[in-house]
K.L.:
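Take a look at the following structure, please.
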There are 2 protein chains.
Amino acid sequence: MKVGEIRNKLIEKGLKVTPQRIAILEAIVKLNNHPTAENIIDYIRKNHPNIATATVYKVLDALVENGLIKKVKTEKDIMRYDAVMESHHHLYCSESDRIEDYKDNELNELLEKYFEKKKIPDFKIEDIKLQIIGKFIKNK
Amino acid sequence: MKVGEIRNKLIEKGLKVTPQRIAILEAIVKLNNHPTAENIIDYIRKNHPNIATATVYKVLDALVENGLIKKVKTEKDIMRYDAVMESHHHLYCSESDRIEDYKDNELNELLEKYFEKKKIPDFKIEDIKLQIIGKFIKNK
DNA sequence: TGTCTAATGAGAATAATTCTCTTTTAATAA
DNA sequence: TTATTAAAAGAGAATTATTCTCATTAGACA
Ligand SMILES: [Mn+2]
Ligand SMILES: [Mn+2]
Ligand SMILES: [Zn+2]
Ligand SMILES: [Zn+2]
């Protein structure tokens with residue numbers, strides 16, 4: 001994702017284009033794999049040493065609210081963020097904090113078909129995500 | 001779940017049987033639907049007014065570590081707990097913090113079959129959970 | 001180029017959780 | 001039943017991720 005592209009997305013959403021917002025979105029994209037606010041701050045401060053912690057949190061909220069990034073569900077007390085906006089699933093390592101994307105259209109279609117038939121009573125589905133928990137095999 | 005049953009589970013795991021542990025496990029079972037530590041504390045203090053906050057957190061950790069309860073993944077800074085140990089899925093309300101269980105064996109089998117064929121490279125699956133996000137329809 | 005409003009920065013405040021240390025208690029052995 | 005002991009509980013302080021407040025700055029647009 002180029003800076004121009006990020007700039008456009010901000011404009012589309014009616015958000016002011018600021019160096020902080022660009023840096024934060026860039027960081028999430030580049031870091032990839034679901035960084036925490038702290039990860040993002042550490043990364044950004046290399047080139048942008050004066051950014052305030054509160055600014056990062058506020059920008060993250062704004063980006064989430066405007067659908068430019070997503071929060072990732074975890075069972076930890078630390079929020080993680082995702083710049084991959086297409087609907088996808090996650091591989092959660094059962095022994096570490098590693099979370100990887102899992103994209104699988106065949107699976108998406110299977111699920112869609114399944115839930116077209118099998119309705120859940122009193123519930124309207126908007127999105128389905130798999131948490132696939134397991135171990136990454138070191139492919140050394 | 002009866003107190004005798006809870007007592008047995010604690011003994012099985014080699015955990016000392018204490019009134020606090022019994023009260024906490026009972027609370028999670030009774031409250032049902034994924035209470036926070038605070039929900040649990042509020043509930044317990046009715047009958048057990050002197051239980052310390054730190055005790056609740058320590059007991060929750062011990063119960064999780066011993067496989068008697070589970071943490072529930074959310075995108076919030078507040079942990080939630082689940083006493084339903086059979087593998088099941090969750091319905092997440094997109095406009096509130098409501099989380100309901102979704103049990104569906106047909107779905108489990110479908111997924112099992114699917115991932116038997118379709119291997120994920122470098123990853124050994126241990127468990128799969130669906131996050132089904134949507135809206136609960138008021139069935140007034 | 002100036003105006004205006006939204007965004008940022010700095011640091012204090014908050015809230016969930018964890019830690020430290022003392023006291024209590026469940027398990028078990030005598 | 002009582003004594004022993006290690007583990008658990010209680011109290012409150014500490015920590016840490018996040019939020020808030022308020023003064024300053026800087027994009028957007030006229
Ligand atoms: Mn918090
Ligand atoms: Mn926290
Ligand atoms: Zn992702
Ligand atoms: Zn559940």
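These values consider heavy atoms only, across backbone and side chains, with no hydrogens, waters or symmetry-generated copies. In what follows, chains carry the letters A, B, and so on, assigned in the order in which the sequence lines appear, proteins first and then strands, with residues in each chain numbered from 1.
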K.L.:
What string of B, S and - do you get for nucleotides 19-27 of chain D, 5' to 3', when a contact is any protein heavy atom under 4.0 Å?
P.N.:
BBB-----B
K.L.:
In this structure, how many angstroms lie between the P atom of dA8(D) and the CD1 atom of Ile11(B), rounded?
P.N.:
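Atom-to-atom, Ile11(B) to dA8(D), this comes out as 14 Å.
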K.L.:
State which residues pass salt bridge (charged side-chain N to carboxylate O under 4.0 Å, His left out) with Asp82(A); sequence neighbours excluded, sorted by chain then number.
P.N.:
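Testing Asp82(A) for salt bridge (charged side-chain N to carboxylate O under 4.0 Å, His left out), a comparison that skips the adjacent residues, returns none.
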K.L.:
Kindly say if Gln20(B) contacts the phosphate of dT25(C), meaning a side-chain N or O under 4.0 Å from OP1 or OP2.
P.N.:
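It does not, given that no N or O in the side chain of Gln20(B) lies less than 4.0 Å from OP1 or OP2 of dT25(C).
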K.L.:
Would you check if Ser94(B) and Lys135(B) make a side-chain contact, meaning some heavy-atom pair closer than 4.5 Å?
P.N.:
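Result yes, sub-4.5 Å side-chain heavy-atom pair found.
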K.L.:
What is the distance, to the nearest angstrom, from the CD atom on Glu65(B) to the P atom on dT18(C)?
P.N.:
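After rounding, the gap between these two atoms is 11 Å.
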K.L.:
Applying the 4.5 Å side-chain criterion to the ILVMFWY set and letting contacts propagate, would Ile6(A) and Leu68(A) be lumped into a single cluster?
P.N.:
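Both belong to a single hydrophobic cluster.
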K.L.:
Can you tell me how far C1' of dA7(C) sits from CG of Leu63(A), to the nearest Å?
P.N.:
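In whole Å, dA7(C) C1' lies 13 Å from Leu63(A) CG.
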K.L.:
Would you call Leu10(B) and Thr18(B) a side-chain contact if the rule is heavy atoms closer than 4.5 Å?
P.N.:
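No, their side chains stay 4.5 Å or more apart.
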K.L.:
Rounded to the nearest 0.5 Å, how far apart are NZ of Lys119(B) and CD of Glu116(B)?
P.N.:
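Nearest 0.5 Å value for the NZ-CD distance: 7.0 Å.
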K.L.:
Any salt bridge linking Glu5(B) with Arg7(B)? Criterion: basic side-chain nitrogen under 4.0 Å from a carboxylate oxygen.
P.N.:
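No, Glu5(B) and Arg7(B) are not salt-bridged.
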K.L.:
Please tell me which of Arg7(B) and Ile51(A) maps to the more 5' nucleotide of DNA chain C, matching each residue to the nucleotide holding its nearest heavy atom.
P.N.:
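Going by which nucleotide is closer to the 5' end, it is Ile51(A).
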K.L.:
Quick one: Arg45(B) CZ to dA11(D) C1', roughly how many Å, whole number?
P.N.:
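After rounding, the gap between these two atoms is 11 Å.
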